[in-house]
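To keep things clear, I will list the structure first and then write my remarks on it.
A quick note: this is a predicted structure, and the numbers were derived from the prediction, not measured.
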Amino acid sequence: MERTTALAGDPHIGIFCRVLEEIAIVSPEAPDEFCEALKAALDVDLVRTTIQGSAIVGSLVAGNSRAVVVSGLATSDEIRMLEDYREVYRLEGTMNAAGNVILANDRFAAVHPEMEPDVIEEVKSHLGVEVIRLTLGGVKTVGMAGYATNRGVLVHARATPREIGRLEGVTDLPIGTGSINMGSGLVGTGLLANSRGYIAGTETSGFELGRIADVFGFVEGI
């Protein structure tokens, strides 16, 4: 099975798609080749929608099996599309690129360290998990600097022991450092994964793929 793909030649596939376990949210204009690669690697159903009229769905959506957190600029039609699959919470205010500022799975959520307390409480209530403020490798946009599934958490290669320790306080899942697309620590921008599999941007090296498989508990070649 292919473990790498691109969207219209762009290896930053995490910017254009958000995987929430059994569904993958992707723009209606996403090429068929990309969508077929997603389904083959992750065994997901596709939810085709823009967010605030944009194709950068991965940057504007976060969530888990319970709920979706979406940019407050999402349209009513886009919200209705998502409500067919999850409860939806709109992230209002200036910090509304939900996929960039929230790292979440079914056990925890980590958020931008400057997120307002009342917003954190809403995220906690909708996702049904403990929420912590966090940086990864000093990067405040934790949704870009990490990737969390219900099998493990991959974080920026320069994440500090203190940052990893914060995560260890809210989950017992395996946590490991890594990179994507030939050395980028912003693993959330170039990786899509769930409990069934993973797929990375086309510039991701064999070593990086092996690290992803190790952290998420997959045997190479399966």
Side-chain angles (χ1 to χ4, degrees), residues 12-30 46-150 153 155-156 163 166-167 170-171 186-192 194:
H12 300 97
I13 58 176
I15 293 175
F16 300 102
C17 179
R18 176 62 57 192
V19 175
L20 303 178
E21 195 53 33
E22 78 277 10
I23 63 171
I25 306 168
V26 65
S27 166
E29 286 75 40
L46 298 183
V47 181
R48 291 179 176 267
T49 182
T50 55
I51 300 297
Q52 63 185 57
S54 173
I56 56 169
V57 173
S59 294
L60 301 174
V61 174
N64 59 14
S65 296
R66 177 174 177 175
V68 176
V69 182
V70 65
S71 166
L73 299 177
T75 68
S76 297
D77 287 344
E78 292 165 346
I79 294 294
R80 280 194 293 270
M81 175 70 76
L82 296 174
E83 285 177 336
D84 286 342
Y85 300 88
R86 297 284 193 281
E87 176 184 334
V88 177
Y89 168 60
R90 291 185 188 227
L91 195 63
E92 305 286 356
T94 57
M95 199 178 293
N96 61 20
N100 290 345
V101 299
I102 299 172
L103 173 70
N105 61 13
D106 289 346
R107 304 194 186 194
F108 76 91
V111 302
H112 191 294
E114 296 167 16
M115 185 174 284
E116 295 180 356
D118 59 332
V119 177
I120 290 176
E121 284 303 311
E122 290 288 351
V123 171
K124 178 180 179 180
S125 174
H126 283 81
L127 297 185
V129 295
E130 184 173 353
V131 180
I132 60 170
R133 290 189 175 99
L134 188 68
T135 60
L136 290 171
V139 178
K140 295 180 180 180
T141 48
V142 287
M144 300 176 70
Y147 201 100
T149 75
N150 293 333
V153 187
V155 298
H156 196 296
E163 291 168 336
R166 294 290 313 285
L167 284 175
V170 292
T171 182
L186 299 178
V187 294
T189 67
L191 175 64
L192 298 168
N194 60 10

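For the atom pair CG of Asn100 and CD1 of Ile56, the computed distance is 7.5 Å after rounding to the nearest 0.5 Å. Note that the OG atom of Ser125 and the CD1 atom of Ile120 stand 13.5 Å from one another [nearest 0.5 Å]. Atoms CD1 and OG1, on Ile51 and Thr75 in that order, are 7.5 Å from each other to the nearest 0.5 Å. Note that the CG atom of Leu134 and the CG atom of Leu103 stand 8.0 Å from one another [nearest 0.5 Å]. To the nearest 0.5 angstrom, Thr189 atom OG1 is 10.0 Å from Phe16 atom CZ.
When Asn105, Val129, Val69 are each tested for a side chain to side chain contact (heavy atoms under 4.5 Å, CB included) with Asn64, only one passes: Val129.
For the side-chain contact (heavy atoms from CB on, under 4.5 Å) test, residues two or more places apart in sequence or in another chain that qualify with Val139 are Thr141, Ala145, His156, Leu186. In this view, Val19 and Cys17, Ala24, Leu42, Val44, Tyr147, Leu192, Asn194 satisfy the side-chain contact (heavy atoms from CB on, under 4.5 Å) rule, not counting sequence neighbours. Among residues two or more places apart in sequence or in another chain, the side chain to side chain donor-acceptor pair (under 3.5 Å) test is passed with Arg166 by none. Residues that satisfy the side chain to side chain donor-acceptor pair (under 3.5 Å) test with Ser71, not counting sequence neighbours, are Gln52. When the side-chain contact (heavy atoms from CB on, under 4.5 Å) test is applied to Glu121, the partners found at least two apart in sequence or on another chain are Lys124. Contacts of Thr171 classified as side chain to side chain donor-acceptor pair (under 3.5 Å), with partners at least two apart in sequence or in another chain: none. Checked against side chain to side chain donor-acceptor pair (under 3.5 Å), Glu29 has the following partners two or more places apart in sequence or in another chain: Ser27. Under the ring pair (Phe, Tyr, Trp, His ring centres under 6.0 Å) criterion, His126 pairs with Tyr89, sequence neighbours left out.
Under the salt bridge (charged side-chain N to carboxylate O under 4.0 Å, His left out) criterion, the residue pairs touching residues 82-95 are Glu22-Arg86, with sequence neighbours excluded. Applying the salt bridge (charged side-chain N to carboxylate O under 4.0 Å, His left out) rule to pairs touching residues 95-110 yields Arg107-Asp172, sequence neighbours excluded. Residue pairs meeting the salt bridge (charged side-chain N to carboxylate O under 4.0 Å, His left out) criterion with at least one partner in residues 129-149, sequence neighbours excluded, are Glu114-Lys140. Sequence neighbours left out, the pairs with a member in residues 57-82 that pass salt bridge (charged side-chain N to carboxylate O under 4.0 Å, His left out) are Asp77-Arg80.
Of the possible donor and acceptor atoms, one in the side chain of Glu163 sits under 3.5 Å from a partner among the backbone N and O of Gly138.
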Next item on the list: Could you give me the CA-CA distance, side-chain angles and deciding distance for Thr49 and Ile25, then say whether side chain to side chain contact (heavy atoms under 4.5 Å, CB included) is met?
Entry: CA-CA 7 Å; Thr49 182; Ile25 306 168; 3.8 Å; yes

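What you find for Val68 and Leu82 is that their closest heavy atoms are CG1-CD1, 4.1 Å. Taking all atoms of both residues into account, the shortest heavy-atom contact from Arg18 to Val61 is NE-O, 2.8 Å.
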